[in-house]
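This report refers to the structure that appears directly beneath it.
Quick note on labels: first sequence line is chain A, next is B, and so on, each numbered from 1. Keep in mind that what you see is a predicted model, and the values were worked out from it rather than measured.
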There are 2 protein chains.
Amino acid sequence: MNQVSSFLLRIGVTPFSQLSMDTGTPAAADTAKQPRTERGRRTLRKLLDAAAVEFGERGFHEASISGITARAGTALGSFYTYFESKEAIFQALVRDMSEAVKVAAREALAEPAPALERERAALTAFLRFAAEHKEVYRIIDEAEFVDPESYRQHYETTGARILDRLREGARKGELRADLEEAHAWAIMGMNVFLGLRYAVWGEGDLPAEHVAAIAGDLLAKGIAADR
Amino acid sequence: MNQVSSFLLRIGVTPFSQLSMDTGTPAAADTAKQPRTERGRRTLRKLLDAAAVEFGERGFHEASISGITARAGTALGSFYTYFESKEAIFQALVRDMSEAVKVAAREALAEPAPALERERAALTAFLRFAAEHKEVYRIIDEAEFVDPESYRQHYETTGARILDRLREGARKGELRADLEEAHAWAIMGMNVFLGLRYAVWGEGDLPAEHVAAIAGDLLAKGIAADR
DNA sequence: AGGAAACTTGAAACCTGGTTCATGTTTCAA
DNA sequence: TTGAAACATGAACCAGGTTTCAAGTTTCCT
């Protein structure tokens with residue numbers, strides 16, 4: 001039906017089976033009520049896709065359940081067959097998208113490359129992804145206020161992943177040996193803000209490669225004048 | 001009464017006179033209705049301080065006007081003597097705080113120093129400020145959804161300021177000559193995320209100086225292994 | 001084929017909290 | 001001192017959106 005829909009579909013056939021496993025509180029283990037028939041799965045998917053559009057376009061509070069069901073082409077009451085509340089579907093969406101970002105990054109890092117090269121590739125992929133799915137950006141960001149736990153989890157996981165790469169690079173002697181968590185967060189912040197400025201706000205004035213090259217170069221040499 | 005209050009007071013005697021000048025739309029020129037008596041100014045200040053606490057603690061949508069007036073010790077109706085709506089006071093607050101962050105940075109950069117040194121000092125000051133005023137952080141962040149115009153303005157201004165410093169450093173031969181806007185945004189993103197992780201979330205586990213040293217070092221040399 | 005469980009439906013109950021307003025009180029300049 | 005403008009008050013109004021529910025319809029297993 002649209003970009004978001006196809007993007008959600010691309011994630012995998014059963015995104016919710018992924019979601020249900022990694023939750024801390026047992027009570028919140030399942031954000032969505034599991035459908036038991038094919039028809040149910042279809043409706044659930046329609047609701048999630050519609051919610052991505054509605055939340056992305058109007059933000060959590062401006063968005064309305066009836067807006068979601070209208071876009072999904074289902075009755076208002078059906079919503080509550082699958083989600084306990086507006087917050088619940090938002091949470092499901094955030095975790096779904098967090099996963100999607102992760103997958104996109106993993107794909108970009110599939111083949112081996114020098115450590116600095118990998119960071120540049122990761123940023124390029126992220127910028128492309130952000131430009132393609134601005135709603136994702138917005139929804140994850142808004143989670144800071146609507147669902148802080150998921151927000152925190154998203155960035156802590158992402159940061160840990162970057163740190164892993166840095167350590168790997170250090171092990172191979174390509175990066176400094178003293179890199180720690182703060183370095184990973186610095187890089188992550190860099191990436192996120194460049195994404196906001198050039199992928200989400202920018203009208204494509206600077207291509208992803210160029211921005212990624214600048215950041216990569218900054219990581220490689222710093223900004224001091226050559227001695 | 002509390003940290004926020006004193007922080008607001010420190011900004012200057014008439015923060016609102018500053019606010020009223022730089023608005024694009026003429027309609028929204030004055031976010032707050034100017035009080036004409038001393039009593040009025042006191043009430044306005046009380047409302048703003050209370051709003052900072054209420055919004056900081058509960059977020060925009062959880063926050064309620066009655067919560068604000070209760071904290072301020074005024075009647076519900078009085079609110080509308082000074083602000084047209086919930087959005088209006090939020091906007092006033094965001095611009096006020098954006099200004100406050102700016103001022104804090106300016107103070108930290110008062111005396112001259114080498115360019116790289118200055119960036120480190122700016123980050124240290126920012127981290128201290130963020131730790132001291134976590135509400136500020138939260139409120140400015142939430143502006144992305146409640147008052148996007150102010151949000152954008154805040155970061156564009158901040159980014160431009162950083163770029164100025166970079167250009168100045170390049171002029172003096174201390175920094176590379178090819179620095180551009182993207183570098184400034186990369187540094188800004190770095191700073192913001194380090195602030196989120198270590199000043200706002202962190203329980204002070206890493207001191208501001210240490211985090212700033214890491215970032216400063218990253219800017220100076222990059223993360224590649226020494227050749 | 002048959003029936004229980006899964007799912008759908010949309011009108012209406014229900015809440016919550018922003019906003020208004022008519023009535024008082026305080027300020028302050030003349 | 002005085003009165004007009006500024007400011008304070010809080011009960012009541014009201015809009016909008018979430019959530020419920022009782023009555024169907026569809027699925028799917030045996």
Side-chain angles (χ1 to χ4, degrees), chain A residues 14 16-17 30-51 53-55 57-93 142 145-147, chain B residues 14 16-17 27-28 30-51 53-55 57-93 142 145-147:
Chain A
T14 53
F16 278 84
S17 60
D30 269 344
T31 308
K33 300 164 187 169
Q34 294 287 355
R36 308 227 165 278
T37 77
E38 185 48 38
R39 180 171 58 147
R41 273 185 289 279
R42 269 202 310 275
T43 306
L44 176 55
R45 164 59 42 74
K46 281 196 291 180
L47 284 172
L48 277 172
D49 289 355
V53 179
E54 175 83 359
F55 284 136
E57 230 164 66
R58 325 217 304 159
F60 181 79
H61 293 280
E62 289 299 302
S64 70
I65 311 244
S66 60
I68 294 172
T69 53
R71 287 181 203 264
T74 73
L76 183 49
S78 293
F79 178 90
Y80 290 89
T81 303
Y82 299 100
F83 298 97
E84 299 215 306
S85 64
K86 199 179 172 185
E87 278 77 16
I89 194 174
F90 188 85
Q91 176 174 91
L93 218 46
E142 194 163 16
F145 307 98
V146 177
D147 180 13
Chain B
T14 54
F16 278 84
S17 60
D30 270 346
T31 309
K33 299 164 186 167
Q34 295 285 353
R36 308 226 167 279
T37 77
E38 185 49 36
R39 178 170 62 146
R41 272 184 291 276
R42 270 200 311 273
T43 305
L44 175 55
R45 165 60 42 75
K46 281 196 291 180
L47 284 173
L48 277 172
D49 289 355
V53 179
E54 175 83 0
F55 284 135
E57 232 165 61
R58 324 220 299 161
F60 182 79
H61 293 279
E62 289 299 301
S64 70
I65 310 252
S66 59
I68 294 173
T69 53
R71 286 180 205 266
T74 71
L76 183 50
S78 293
F79 178 90
Y80 290 89
T81 305
Y82 299 100
F83 299 97
E84 299 216 309
S85 65
K86 199 181 175 185
E87 277 77 15
I89 194 175
F90 187 86
Q91 177 174 91
L93 219 46
E142 195 162 16
F145 307 98
V146 177
D147 181 12

Margin query: What is the distance, to the nearest angstrom, from the NZ atom on K86(A) to the P atom on dT16(C)?
Written below: 15 Å
Next item on the list: Please report, rounded to the nearest Å, how far the P atom of dG17(C) is from the CD atom of E87(B).
Entry: 15 Å
Notebook entry, point to check: How far apart are the closest heavy atoms of L47(A) and F79(A), and which atoms are they?
Noted result: CD1-CA, 4.2 Å
Check: Taking the inter-plane angle between the rings of F90(A) and F55(A) on a 0 to 90° scale, is it parallel (under 30°), tilted (30 to 60°) or perpendicular (over 60°)?
Finding: perpendicular
Next item on the list: Just call it for A63(B): base, sugar-phosphate, or nothing, with non-hydrogen atoms closer than 4.0 Å on any strand.
Entry: sugar-phosphate
Notebook entry, point to check: Of all residues at least two apart in sequence or in a different chain, which pass the side chain to side chain donor-acceptor pair (under 3.5 Å) check with S85(B)?
Noted result: none
Check: For S66(B), which residues count as a side chain to side chain donor-acceptor pair (under 3.5 Å) partner, sequence neighbours excluded?
Finding: S64(B)
Notebook entry, point to check: Minimum heavy-atom separation for L93(B) to A51(B), with atom names?
Noted result: CD2-C, 3.7 Å
Margin query: Output the rounded distance in Å from CZ (R42(A)) to C1' (dT8(C)).
Written below: 13 Å
Next item on the list: Starting from C1' on dT16(C), measure out to CD on E62(B) and report it in whole angstrom.
Entry: 11 Å
Check: What is the distance, rounded to the nearest whole Å, between atom NZ of K46(A) and atom C1' of dC7(C)?
Finding: 12 Å
Check: How long is the line joining OH of Y80(A) and P of dC7(C), in whole Å?
Finding: 18 Å
Item checked: Within residues 57-69 of chain B or reaching into it, pairs that qualify as salt bridge (Lys or Arg N to Asp or Glu O under 4.0 Å) - sequence neighbours excluded -> E54(B)-R58(B), E57(B)-R71(B)
Checklist line | Protein-nucleotide distance (F60(A), atom CZ; dT18(D), atom P), rounded to Å | finding: 8 Å
Margin query: F145(A): which residues meet the ring pair (Phe, Tyr, Trp, His ring centres under 6.0 Å) condition with it, sequence neighbours left out?
Written below: none
Checklist line | Divergence of helical axes at both termini of the helix from dA1(C)-dT30(D) to dA30(C)-dT1(D) - five pairs an end, 10° steps | finding: 20°
Which atom pairs link the protein and nucleotides 4-13 of chain D when you take only N or O atoms and keep those under 3.5 Å?
{"unit_1": "dC7(D)", "atom_1": "OP1", "unit_2": "R36(B)", "atom_2": "N", "d": "2.6"}
{"unit_1": "dC7(D)", "atom_1": "OP1", "unit_2": "T37(B)", "atom_2": "N", "d": "3.1"}
{"unit_1": "dA8(D)", "atom_1": "OP1", "unit_2": "T43(B)", "atom_2": "OG1", "d": "2.6"}
{"unit_1": "dA8(D)", "atom_1": "OP2", "unit_2": "Y82(B)", "atom_2": "OH", "d": "2.9"}
{"unit_1": "dT9(D)", "atom_1": "OP2", "unit_2": "A75(B)", "atom_2": "N", "d": "2.9"}
{"unit_1": "dG10(D)", "atom_1": "N7", "unit_2": "G77(B)", "atom_2": "N", "d": "3.0"}

Check: With a 4.5 Å limit on heavy-atom distance, are the side chains of I89(A) and Y82(A) in contact?
Finding: no
